[in-house]
Amino acid sequence: MSEQRAGRARTSRSTRSAAGEEHLRGAEQAAERACRSLSKLIRHRPEGVSAVSRTDDGWQVDIDVLELPRIPDTTSLLATYEVDIDEDGSLLRYRRVRRYRRGQADT
């Protein structure tokens, strides 16, 4: 039993950085952290996540954001932001890569 506890302790320590910050556990947690960081900076509400991928430095997350609500809603303007975060979930950079109407389909 003590071996199991020691194993768990090693596992939890292995997810921490040298500074003691906890690393992100997976794509879902990376997406949540990226959405939170981006919405604080651009003051727009995230609509969803369209891609999450692992990089050498951490994670890259594509986030769809409602930038300009309109009536009818199918004419609202949305944008896709590419957000890079490190292993600890800190924002490294972001940029808008696409702007489109809600009802517009990719071609």
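Being a predicted model, the structure only gives us computed values, none of them experimental.
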Query raised in the report: Just by modelled atom types, is the S90 backbone N or O under 3.5 Å from a matching donor or acceptor in the D88 side chain?
Result: no
From [X] [atom1] over to [Y] [atom2], what is the distance, rounded to the nearest 0.5 angstrom?
X   : Y   : atom1 : atom2 : result
I63 : S39 : CD1   : OG    : 8.0 Å
R25 : E28 : CZ    : CD    : 11.5 Å
L66 : R45 : CG    : CZ    : 5.5 Å
R99 : Y81 : CZ    : OH    : 7.5 Å
R98 : S50 : CZ    : OG    : 8.5 Å
L92 : D84 : CG    : CG    : 6.5 Å

Requested in this report: Would you mind reporting whether R54 and W59 have side-chain heavy atoms less than 4.5 Å apart?
Outcome: yes
Query raised in the report: Can you tell if the side chain of L68 reaches within under 4.5 Å of the side chain of R70, non-hydrogen atoms only?
Result: yes
Least distance between heavy atoms, [X] atom then [Y] atom:
X   : Y   : result
L91 : S37 : CB-CB, 4.3 Å
G58 : E87 : CA-OE2, 3.7 Å
V52 : A31 : CG2-CB, 4.0 Å
V61 : A30 : CG2-O, 4.1 Å

**Report entry** Donor-acceptor pair between D64 and T80 side chains, under 3.5 angstrom
**Finding:** yes
Query raised in the report: Going by atom types alone, do Y100 and E67 pair a side-chain donor with an acceptor below 3.5 Å?
Result: no
In one Ile/Leu/Val/Met/Phe/Trp/Tyr side-chain cluster, 4.5 Å: [X], [Y]:
X   : Y   : answer
V83 : L78 : no
L77 : I42 : no
V49 : L41 : yes

Query raised in the report: What do the steps show when you test D86 against D57 for side chain to side chain contact (heavy atoms under 4.5 Å, CB included), and what is the final call?
Result: CA-CA 6 Å; D86 66 12; D57 299 333; 5.7 Å; no
Report task. Take K40 and L38 through the test side chain to side chain contact (heavy atoms under 4.5 Å, CB included) and record every step on the way to the result. Result -> CA-CA 5 Å; K40 286 180 186 173; L38 181 66; over 6 Å; no
Query raised in the report: Does atom CZ of R101 have more than 12 heavy-atom neighbours, drawn from other residues, nucleotides or ligands, at distances under 6.0 Å?
Result: no
Requested in this report: For atom CD of Q104, decide whether the heavy atoms of other residues, nucleotides or ligands shown that lie under 6.0 angstrom number more than 12.
Outcome: yes
Requested in this report: Give me the one residue out of T74, T75, D73 that meets side-chain hydrogen bond (donor to acceptor under 3.5 Å, both in side chains) with R102.
Outcome: D73
